[in-house]
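Proteins get letters first, then strands, A, B, ... in listed order; numbering begins at 1 in each.
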Number of protein chains: 2
Amino acid sequence: MSQLGICANIENERSIDMGSTSTVSELSSARPATRFDRRLAKILEHATAIFCEKGYEGASMRDLSRASGMSLAGLYYYFESKEKLLYLIQKDLFTTVMELLRERLKDVSDPEVRVRTFIQNHVEFFLSKPKAMKVLSHEDDVLSDELGKEIAALKRQYYHSCADLIEVLKRDKNLDLNSRAAVMSLFGMINWLHTWYNLRVDGTPRVLATEISDIFLRGIYSAPRQ
Amino acid sequence: MSQLGICANIENERSIDMGSTSTVSELSSARPATRFDRRLAKILEHATAIFCEKGYEGASMRDLSRASGMSLAGLYYYFESKEKLLYLIQKDLFTTVMELLRERLKDVSDPEVRVRTFIQNHVEFFLSKPKAMKVLSHEDDVLSDELGKEIAALKRQYYHSCADLIEVLKRDKNLDLNSRAAVMSLFGMINWLHTWYNLRVDGTPRVLATEISDIFLRGIYSAPRQ
DNA sequence: TGCAAATTATAACGTACGTTCGATAGAGTG
DNA sequence: CACTCTATCGAACGTACGTTATAATTTGCA
């Protein structure tokens, strides 16, 4: 069972794109990207790597300080708390993946292709950011109070974006299946990827997305018809 | 997305069975169940609950002390370290589920039924111990050194028990599929269960195991034949 | 260049962690 | 009952945590 070396080096991962409608820009009230923004983005990258490697609770702010080269207190100029760090990371991931999905689905109308598009978007996005993927799924129930509520709402939104696609497909093909089990099984498949994916062994994210889509769709298509 | 209230109450979960060939008996060199063993088993239950609720790193020994009613120092009479606690929990789970699987497969020869049996064994076992299930998968890469190696070996063994079944089925049905993606997708499905399963909504573990088996098997059966 | 704002770091706060030690109480046995 | 072993706990150890206050330094701009 080979493990992805996802916590080894942050250079393996694309930087958080500061040119887009990022969380950081929102935080700064639509201010153009500044030195502050760039520094924060870098800190978030390091935080993602550290949280991925040691887990949120196991990772300390001193770990982050060492990894980023900024003093412990200096970090707090950029965000209010450790919890806020995790919130920023998770919020950005959810909003970005959903935005990308929205774009991809714009010109797609066939129900099956839309489901395939969902899977491909998810697999490609998260396998381009394996560390972030782990932080998103592994630290799923860490945040509390308002921050946790907001992330939970984004997660629910993402869940529904998938469930709705399956529902449309179910109706289109007259399938008789347990939607919930199907949707959750699909999420299990795609969210488990970070524990086993290995580019050298498993091929590109696109190939893998196709394979997973095939298994899943054929599985539900073989369900008894209404 | 309703969440199983898996961390609410340890009485919802069966006790670790001390009558079987448990890890604790092994630890005590085949000594019959004693007061020590009973106390340790109870501590392990509480630890499972606490680790499930707060995560291994987020849970402290003081949390466990409070939950179990035993003093902080008193706990250390029963085991050497916090890490050893997690090891004992995970080892017991792996060895038990594999033993149960061995028993169930004894009189089964049909390749498809054997795969269905694997899935059913896993789903039923772990949904009877949802907290333990979460601790097993969530704290997958926490243990280090010799303890971590041993658990990793058990995990690999369990993985192979499944992969081998799929391989036999693949040959029996002349399937042309990516075994690795298939096996891992299946593990994704069944290991994700703890995040969404709700007895009132989703039915019994047996029903769910059948549904997941159906989706999976039909998915791989529809693969191109050699 | 000088000044104000932004940024950074040292030191510390208050609290918590996993674990150990030694004293004592409890249990078991002859 | 006396003795031995088991079990328990208060106190403490050495270390670490997330965060804050404040002084020092750097950056940006007129």
Side-chain angles (χ1 to χ4, degrees), chain A residues 18 24-25 27-29 31-44 46-48 50-51 53-89 135 139 142-145 147-148, chain B residues 18 24-25 27-29 31-44 46-48 50-51 53-89 135 139 142-145 147-148:
Chain A
M18 298 311 302
V24 177
S25 298
L27 208 61
S28 314
S29 305
R31 191 177 58 179
T34 59
R35 175 186 161 88
F36 179 99
D37 301 323
R38 286 190 296 272
R39 293 302 301 253
L40 179 55
K42 213 71 195 165
I43 291 165
L44 289 172
H46 285 290
T48 302
I50 291 289
F51 290 162
E53 182 189 344
K54 301 192 172 194
Y56 174 78
E57 295 287 348
S60 70
M61 298 305 287
R62 286 163 179 80
D63 289 329
L64 179 57
S65 170
R66 283 186 291 267
S68 63
M70 181 176 291
S71 73
L72 189 54
L75 291 171
Y76 287 90
Y77 179 73
Y78 292 91
F79 51 82
E80 291 92 322
S81 64
K82 184 183 178 184
E83 204 172 35
K84 192 67 182 284
L85 261 188
L86 182 61
Y87 161 81
L88 289 174
I89 290 166
V135 171
E139 313 301 339
V142 168
L143 295 175
S144 50
D145 302 328
L147 296 184
Chain B
M18 298 309 301
V24 179
S25 299
L27 206 61
S28 316
S29 308
R31 189 176 61 177
T34 59
R35 176 185 159 87
F36 179 98
D37 299 326
R38 287 191 293 273
R39 294 304 299 254
L40 179 56
K42 212 69 194 167
I43 291 165
L44 288 173
H46 285 290
T48 302
I50 291 288
F51 290 162
E53 182 190 343
K54 302 193 175 196
Y56 174 77
E57 294 286 350
S60 70
M61 299 305 286
R62 285 162 179 81
D63 290 329
L64 179 58
S65 171
R66 282 186 291 266
S68 62
M70 182 177 289
S71 73
L72 189 54
L75 291 171
Y76 287 88
Y77 180 74
Y78 293 90
F79 51 81
E80 291 92 320
S81 64
K82 186 183 180 185
E83 205 173 34
K84 191 68 182 283
L85 262 187
L86 182 61
Y87 162 81
L88 290 175
I89 290 165
V135 172
E139 313 302 338
V142 169
L143 294 176
S144 50
D145 302 329
L147 296 184

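The side chain of A:Y77 contributes no N or O atom lying less than 4.0 Å from OP1 or OP2 of C:dT8. Taking 4.0 angstrom as the limit, A:Y78 places none of its side-chain polar atoms (N or O) nearer than this to OP1 or OP2 of C:dT7. Side-chain nitrogen and oxygen atoms of A:R39 include none within less than 4.0 Å of the OP1 or OP2 phosphate oxygen of C:dA6. One finds a side-chain N or O of B:S60 lying less than 4.0 angstrom from the OP1 or OP2 phosphate oxygen of C:dC17.
Rounded to an integer number of Å, the gap from CZ of A:F36 to C1' of C:dA6 is 10 Å. Between A:L75 atom CG and D:dC17 atom P the separation is 13 Å, expressed in whole Å. Between the CG atom of B:L72 and the P atom of D:dC9 there is a distance of 11 Å, rounded to whole Å. In this structure, CD of A:E57 is placed 16 Å from C1' of C:dG18, rounded to the nearest angstrom. Going from atom OH of B:Y76 over to atom C1' of D:dT8 covers 15 Å, rounded to whole Å. The CD-P distance, from B:E80 to C:dT20, rounds to 9 Å in whole Å. Put simply, NZ on A:K82 is 12 Å from C1' on D:dA16, counting in whole angstrom units. At whole-Å resolution of the value, CZ in A:R38 and P in C:dT8 are 12 Å apart.
Of the candidate nucleotides D:dG10, D:dA12, C:dA11, D:dA12 has the atom lying nearest to any side-chain atom of B:R62. Closest to the side chain of A:R35, out of D:dT8, D:dT19, D:dT27, is D:dT27. The side chain of A:S71 approaches C:dT10 more closely than any other nucleotide in the set C:dT19, D:dT27, C:dT10.
Using a 4.5 Å heavy-atom threshold, the side chains of B:L85 and B:L64 count as touching. The closest side-chain heavy-atom distance from A:R62 to A:R66 is below 4.5 Å. Inter-residue side-chain proximity for B:M70 and B:H46 is flagged as unmet; no heavy-atom pair is nearer than 4.5 Å. Contact annotation: the side chain of A:S144 approaches that of A:E83 to within less than 4.5 Å [non-hydrogen atoms, C-beta and beyond].
For the pair A:G69 and B:G58, both in contact range of DNA chain C, the more 5′-proximal nearest nucleotide belongs to A:G69.
Heavy-atom minimum distance, B:S65 versus B:S71: OG-C, 3.6 Å.
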